[in-house]
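Comments concern the structure below.
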Amino acid sequence: MSTEILTFGCRLNAYESEVMRGLSAAATDTVIVNTCAVTAEAERQARQAIRKAARERPEARIVVTGCAAQINPAAWAALPNVHRVLGNDDKLKPESWLADAGSAVSDIMAARETAAHLVTEFASRARAFVQVQQGCDHRCTFCIIPFGRGPNRSVPIGVIADQVRTLVASGFREVVLTGVDIASYGPDLPGSPSLGQMIRRVLAAVPELPRLRLSSIDPAAIDADLWRLIAEEPRLMPHLHLSLQAGSDLILKRMRRRHLRGDALTAIRRARDLRPGIAIGADLIAGFPTETDALFEETLGFVGGAQIPYLHVFPYSERPGTPAARMPPVPKPVRRERAARLREAGYAEACRFFSFHVGTVVSLLTEAADSGHSEHFAPVRLARPAKPGRLVRALVTGSTREHLLAEAA
């Protein structure tokens, strides 16, 4: 049987799974489980997937990798039918996928390198991901990812441009720049280019790229060049997803974030002033330790006050070894209830945001015959099928709290 890849977690993991798909093409009867360590639920789902694969494919070789495996390799090696545990760097090395490669647990703490791999096959033949950065130098109190990904390392601009050029030639109409902390791009490279400088040079080097989009970014680290691009560059999509985590100053300080509530509001206002109609998204954690009802209401009020339509909400999850795991916890049922309230607030803002587009014409990237995303990353359902992988103009005829309804113009 062919290789099966099970991916958990972020867009960077999704990108790296596609790298592994290519590297492991010659492997037979193998299940690769690319784990995530952001939440206990993500780890639980990965363990469940491994046990299911062991039951349903008892002859298969199970290879476990990703951040959870990086942090605690022995625990994953002990699961049924696990043949190998690979570190985050080893999983991207061709030699790791040779038939006779290595021992059961790779050298997880080996020196980390900045690898740049070209992937030209994605589930959608319309949108592609390019890794521009790896690792994180910051230590938010809730986050275990720096232990799984290591320090910040940036991919050289020329390499990024070459990858984007190849993807466009392969038929992709949109590229998403991804990493662990993309706002930290550049200080380890000659000349210390900023994220905005890198984007400007990539767009200049690949004029044939129709659409460029960014993954989640820290609002405290948007540089001057990136602000200029937001204002002036039509190929940079009008969509900014911010790594906020909370809307309460006290909680943000306890999280050891680099911004406060006012900084986030200032960034959102500036983005809207520079690019009227820009879509704003945010990552939020519900039920962080010490979060009282009043502090939660500050975050809930922030969502409505800032009118944020795209929310990615996590109930807080203890990560052993982090400072937040030692703080007074919020009961788990309260975390879940707060997360649900935040999501409902997000749906309300999405309804409002989507309703503004009714009667307008959007630029739609078709990812399936009847659906895709607009330039504002609004999900769109088409009344009649269109060929996937195309940029089409579509008239928005209606909206729900989850998507726009449209007809090809």
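Numbers for residues simply follow the sequence, beginning at 1.
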| field | Sub-4.5 Å side-chain heavy-atom contact between Leu214 and Leu226 | value | yes
| Under 3.5 Å, side chain of Asp263 to main-chain N/O of Leu260, donor-acceptor pair present? | yes
| Are the side chain of His259 and the backbone N or O of Asp218 linked by a donor-acceptor pair below 3.5 Å? | no
| note | Here the gap from Ile32 atom CD1 to Thr65 atom OG1, rounded to the nearest 0.5 Å, amounts to 8.5 Å
| field | Shortest non-hydrogen contact from Phe354 toward His403 | value | CE1-N, 3.6 Å
| Can any side-chain N or O of Arg381 pair as donor or acceptor with the backbone N or O of Pro379 at less than 3.5 Å? | no
| note | CG (Leu212) and CG (Leu236) are apart, to the nearest 0.5 Å, by 6.0 Å
| query | Just by distance, do the side chain of Glu297 and the backbone of Asp293 share a donor-acceptor pair under 3.5 Å? | reply | no
| message | The test is side chain to side chain contact (heavy atoms under 4.5 Å, CB included); show your working for Cys143 and Thr322 and say whether it passes. | response | CA-CA 7 Å; Cys143 187; Thr322 61; 6.0 Å; no
| task | Say whether, by atom type as modelled, one donor and one acceptor occur between the side chain of Thr178 and the main chain of Val130 under 3.5 angstrom. | result | no
| task | Could you pull out the closest heavy-atom pair between Gln307 and Arg272, with the gap in Å? | result | O-NH2, 2.6 Å
| note | Nearest heavy-atom approach of Ala324 to Pro289 is O-CG, 3.5 Å
| said: Counting C-beta onward and ignoring hydrogens, is there a side-chain heavy-atom pair between Ser399 and His357 closer than 4.5 Å? | reply: no
| query | Distance from Met255 atom CE to Leu250 atom CG, nearest 0.5 Å? | reply | 10.5 Å
| task | Please lay out, stage by stage, how Ile268 and Phe302 fare under the test side chain to side chain contact (heavy atoms under 4.5 Å, CB included). | result | CA-CA 11 Å; Ile268 292 170; Phe302 182 91; 4.2 Å; yes
| request: Kindly indicate whether the side chain of Tyr316, heavy atoms from C-beta on, has any atom under 4.5 Å from the side chain of Glu291. | output: no
| Which heavy-atom pair separates Ser243 from Asp283 by the least distance, and what is that distance? | CA-OD2, 3.9 Å
| field | Among Gln133, Arg165, Met198, Gln131, the one residue meeting side chain to side chain contact (heavy atoms under 4.5 Å, CB included) with Ile160 | value | Met198
| Is any side-chain heavy atom of Val31 closer than 4.5 Å to a side-chain heavy atom of Asn81? | no
| Donor-acceptor pair, side chain of Arg47 and main chain of Leu79, under 3.5 angstrom | no
| remark: When Arg127, Arg235, His373 are each screened for side chain to side chain donor-acceptor pair (under 3.5 Å) with Glu174, the one that passes is Arg127
| query | CD1/Ile145 to CD/Gln70 distance, rounded to the nearest 0.5 angstrom? | reply | 10.5 Å
| task | Using the test side-chain contact (heavy atoms from CB on, under 4.5 Å), find all partners of Ala46 that sit at least two apart in sequence or belong to another chain. | result | Phe8, Val33, Thr35, Trp76
| query | Is the shortest heavy-atom distance from the side chain of Pro323 to the side chain of Arg256 under 4.5 Å? | reply | yes
| task | Spell out, as yes or no, whether a donor-acceptor pair under 3.5 Å connects the side chain of Arg343 to the backbone of Val313. | result | yes
| query | Could you walk me through whether Glu43 and Arg319 pass the salt bridge (Lys or Arg N to Asp or Glu O under 4.0 Å) check? | reply | CA-CA 11 Å; Glu43 292 193 24; Arg319 302 285 74 202; 2.5 Å; yes
| query | Around Arg390, counting heavy atoms of other residues, nucleotides and ligands shown, do more than 12 lie under 6.0 Å from its CZ? | reply | no
| field | Exam field: side chain Ser215 to backbone Leu177, donor-acceptor pair closer than 3.5 Å | value | yes
| task | Compute whether any side-chain donor of one residue and acceptor of the other, for Ser363 and Arg211, lie under 3.5 angstrom apart. | result | yes
| Counting distance only, does the side-chain N/O of Arg173 pair as donor-acceptor with the main-chain N or O of Pro210 below 3.5 Å? | no
| request: Supply the atom-to-atom distance Arg153 CZ to Asp89 CG, rounded to the nearest 0.5 angstrom. | output: 5.5 Å
| request: May I ask you to check whether over 12 heavy atoms, not counting those of Arg393, lie within 6.0 Å of atom CZ? | output: no
| task | State which residues pass side chain to side chain donor-acceptor pair (under 3.5 Å) with Glu344; sequence neighbours excluded, sorted by chain then number. | result | Arg401
| Donor-acceptor pair, Arg261 side chain versus Ser248 backbone, under 3.5 Å? | no
| said: In the structure I gave you, are the side-chain heavy atoms of Val362 and His376 within less than 4.5 Å of one another anywhere? | reply: no
| Taking every non-hydrogen atom, the tightest pair across Leu295 and Thr290 | CD1-O, 3.7 Å
| query | Is there a side-chain contact between Phe296 and Leu342 (heavy atoms, below 4.5 Å)? | reply | yes
| said: I'd like to check Phe288 versus Met327 (side-chain heavy atoms, cut-off strictly below 4.5 Å). Are they in contact? | reply: yes
| said: Please evaluate residues Glu233 and Arg275 with respect to the criterion salt bridge (Lys or Arg N to Asp or Glu O under 4.0 Å), reporting the C-alpha separation (whole Å), side-chain torsions for both, the decisive distance (0.1 Å), and the verdict. | reply: CA-CA 10 Å; Glu233 178 51 69; Arg275 195 81 169 268; over 6 Å; no
| note | Heavy atoms of Cys136 and Val180 approach each other most closely as CB-CG1, 4.0 Å
| message | Could you walk me through whether Arg335 and Glu318 satisfy the salt bridge (Lys or Arg N to Asp or Glu O under 4.0 Å) test, starting with their C-alpha distance in whole Å, then the side-chain angles of each, then the deciding distance to 0.1 Å, before giving a yes or no? | response | CA-CA 12 Å; Arg335 300 180 208 176; Glu318 287 87 354; 2.5 Å; yes
| task | Please check if any side-chain donor atom of Asn34 sits under 3.5 Å from a side-chain acceptor atom of Ser17, or the reverse. | result | yes
| Euclidean distance, Leu86 CG relative to Lys93 NZ, rounded to 0.5 Å | 10.0 Å
| said: Assess whether a salt bridge exists between Asp273 and Arg270, defined as any Lys/Arg side-chain N lying under 4.0 Å from an Asp/Glu carboxylate O. | reply: no
| field | Chi angles and distances behind the side chain to side chain contact (heavy atoms under 4.5 Å, CB included) call for Val206, Val175 | value | CA-CA 11 Å; Val206 194; Val175 168; over 6 Å; no
| query | Taking Val159 as the fixed residue, which of Val155, Asp162, Ile157 is the one that meets the side chain to side chain contact (heavy atoms under 4.5 Å, CB included) rule? | reply | Val155
| salt bridge (Lys or Arg N to Asp or Glu O under 4.0 Å) between Arg84 and Asp90, worked out | CA-CA 11 Å; Arg84 296 190 69 202; Asp90 283 339; over 6 Å; no
| query | Step by step, would you call Trp97 with Met20 a side chain to side chain contact (heavy atoms under 4.5 Å, CB included)? | reply | CA-CA 9 Å; Trp97 300 101; Met20 287 187 287; 3.6 Å; yes
| request: Can you run down the ring-ring contact (aromatic ring centres under 6.0 Å, His included) pairs that involve residues 235-254, sequence neighbours left out, and say none if there aren't any? | output: His239-Tyr310, His239-Phe377
